[in-house]
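Step one of this worksheet: look at the structure below.
Each chain gets a letter, A, B and so on, in the order the sequences are listed, and its residues count up from 1. Just so we're clear, the structure is a prediction, and the values are computed from it rather than from any experiment.
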2 protein chains.
Amino acid sequence: MSIASRKEREKADMRARILSAAHDIFKENGYDGLNIRSIAERIEYSPATIYLYYKDKNEIFFALQYEAAAAKRDHLLPATTIEDPWERLIAFGRLYVDFGLKHPDWYDLLFLTRAPMEHIENQECWTLGMATHSFFVETVEACVAARYFKSTDSATIAYTLWCHAHGMVSLFVRERMRMYPAEVRGELAKKSFEMIVKMAESL
Amino acid sequence: MSIASRKEREKADMRARILSAAHDIFKENGYDGLNIRSIAERIEYSPATIYLYYKDKNEIFFALQYEAAAAKRDHLLPATTIEDPWERLIAFGRLYVDFGLKHPDWYDLLFLTRAPMEHIENQECWTLGMATHSFFVETVEACVAARYFKSTDSATIAYTLWCHAHGMVSLFVRERMRMYPAEVRGELAKKSFEMIVKMAESL
DNA sequence: TTGATTCACTAAACACTGTTCAGTAACTTT
DNA sequence: AAAGTTACTGAACAGTGTTTAGTGAATCAA
C-alpha cells in the first residue's frame, strides 16, 4: 500500500510540476511561446515524459484554463460580499472588465482561444467558469426580484450585459481598437461602462 | 514594353490564383486548414513558388482579410440606403450581427484571429474596414445630430453599441455560449439585440 | 538472494508546419 | 548563337505535437 500511495503522490507531483512550468512559460511568453519542448526543458525531462502525465497538449490547455478561471474568480471575489444586488452587479461588471484588461492572456485563454472546446463541459475549468457565470446571472435575477428593472427577462439582461463587457475586453485583447489612440482606450472603456450602466438603469 | 507588361499581367494573375486557392481552402477548411503546401498543391506549383509572389503567410492573411472586409461591406450595403439615421443604425447593427453569425470564419479573420496586427494600419484591409466603421460612427453622429439621443457623446455611443454586437458574435464564433442550448442561442441573440435597441432609445 | 516483471524515462523518429536556397531549364536579350 | 535573366523546384532547415522501441532501475515473487 505504502509504495502504491507514494507512487500516486509522485505522479500527482509530476503533474503539478509540469503544470507549474506550463503556467510560468505561459505567463512569460504567452500561449504562443508555450510548447511541449519548452515545458520539458524547464522541468529537466525529455518531451516524451510529458505524455506520461498528460494525454496531449489539450489536457494541459484545460488545466491552464482552470487556473485562469480560478484567477478570474479570485479577482471577482470582492463583489460577492456586496449586499445590494445592483451595486453588486456594477462591481462585478467593473471587476470583470478590469480582469480582462489587466490579464489579457488569462482572458484570452478563457474566452478567445480557439481550442478544444468540444468536450469542455466535462472539464473542471468549465464547472468553475459556470459557477462564476451563475453568480452573475443570479445577481441579475436578484436585481429583477428587487425591481431594479422594469424588464423581468433576467436571462436576456444578463446576456446583454455580458456581451457588452466581453466585447470591450476582447476588442482590446485582440488588438482591434487601433482606430483609437492607445492613450484614449482606457478612458473610452470607462465611459462605455458608465454608459451601459445608465442604459441598464432604464431597463 | 509588350513583354514587360505581359509579365506584369502574369505576375498579377499568379497572385490572384494563389489568393483564390487560399480563399477556397479557407472556405472549405477554415484558417487552420490553410497552409502554404495546401495552396501550392491546389494551384499545382511547389510551395517555394508561393514565396515568389507573397512575402510570407502574413501577406496572404492580409489579402484574405481584405476579402473578408469586402464581404462584410457588401453584407452591410443594404443599410446604407436607409434615410432615417436611427432606422439605418438599427439595420446596420442587425446586418452586422447577421454577418457574423452567417460567416463566422470571415468574422473570425477580421476580429478574432490572433495574427500580425502590428502593421495592419498600412494594409488595404484596414482602410476598407475603417471605411465601414466610419460609416457606422457617422450614422451614430447623424442620430445625435437629429436628437435621437439625449447624450451627445457619439464616440462612446458608437463604441458601446459595437462592443455589444461584437461581444454577441464573438461569444458565438468562439463557442463560449455552451451554457445555453444550441437551439436557444439564436433567439437569445435576437432578444438581446432588441434589448440593446430599447436601451439605446433611452440614451 | 535471485530471477522475473513492471515502471519511469528517453533517444530517435514521424508527420506536420513556415521558410530558404542552390540549382535548373526555359525565356529574353544581345 | 552566346550571354543573361527569369520562373520554378527539390531538398533542406528549424520548429511544432506526438509515438515508439528500447533501457536501466525499482519492485515483486520464489
Legend entry - Donor-acceptor pair (no angle test) under 3.5 Å: R37(B) side chain, dG18(C) base: yes

Rounded interatomic separation in angstrom, taking [atom1] from [X] and [atom2] from [N]:
X      : N       : atom1 : atom2 : answer
E44(B) : dA7(D)  : CD    : P     : 20 Å
K11(A) : dC7(C)  : NZ    : C1'   : 9 Å
I43(A) : dC9(C)  : CD1   : P     : 9 Å
I36(B) : dT20(C) : CD1   : C1'   : 13 Å
I60(A) : dT16(D) : CD1   : C1'   : 14 Å
E59(A) : dG17(D) : CD    : C1'   : 14 Å
I50(A) : dG17(D) : CD1   : C1'   : 12 Å
N35(B) : dA15(C) : CG    : P     : 16 Å

Legend entry - Between F135(B) and F92(B), ring centroids under 6.0 Å: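 Yes, they do, as the ring centres are separated by less than 6.0 Å.
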
Closer than 4.0 Å, any side-chain N/O of [X] to the OP1 or OP2 of [N]?
X      : N      : answer
T49(A) : dC9(C) : no
Y45(A) : dA8(C) : no
Y53(A) : dA8(C) : no

Inset, instruction - Find which nucleotide of DNA chain D each of D32(A) and S46(B) is nearest to by heavy atoms, and output the residue with the more 5' nucleotide. - result: S46(B)

Inset, instruction - Mind listing the closest non-hydrogen atom pair of H166(B) and L112(B) along with its distance? - result: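 Nearest pair, atom of H166(B) first, then L112(B): CE1-CD2, 4.2 Å.
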
Legend entry - Over all atoms of both residues, closest heavy-atom pair of A68(B) and F99(B): O-CZ, 4.0 Å

Legend entry - Salt bridge E28(B)-R42(B), side-chain N to carboxylate O under 4.0 Å: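 The answer is yes: the pair qualifies as a salt bridge.
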
Inset, instruction - Would you indicate which nucleotide in dT19(C), dT17(C), dG17(D) comes nearest to any side-chain atom of Y51(A)? - result: dG17(D)

Inset, instruction - Would you kindly check if the NZ (Lys) or CZ (Arg) of K57(A) is within the cone defined by 45 degrees around the ring axis of Y31(A) and under 6.0 Å from the six-membered ring centre? - result: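 Judged by the rule (NZ or CZ under 6.0 Å from the ring centre, within 45° of its axis), K57(A) counts as positioned above Y31(A).
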
Legend entry - Touch class at under 4.0 angstrom, heavy-atom based, for Y54(A) against every strand present: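 If one applies the 4.0 Å heavy-atom cut-off, Y54(A) turns out to touch nothing in the nucleic acid.
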
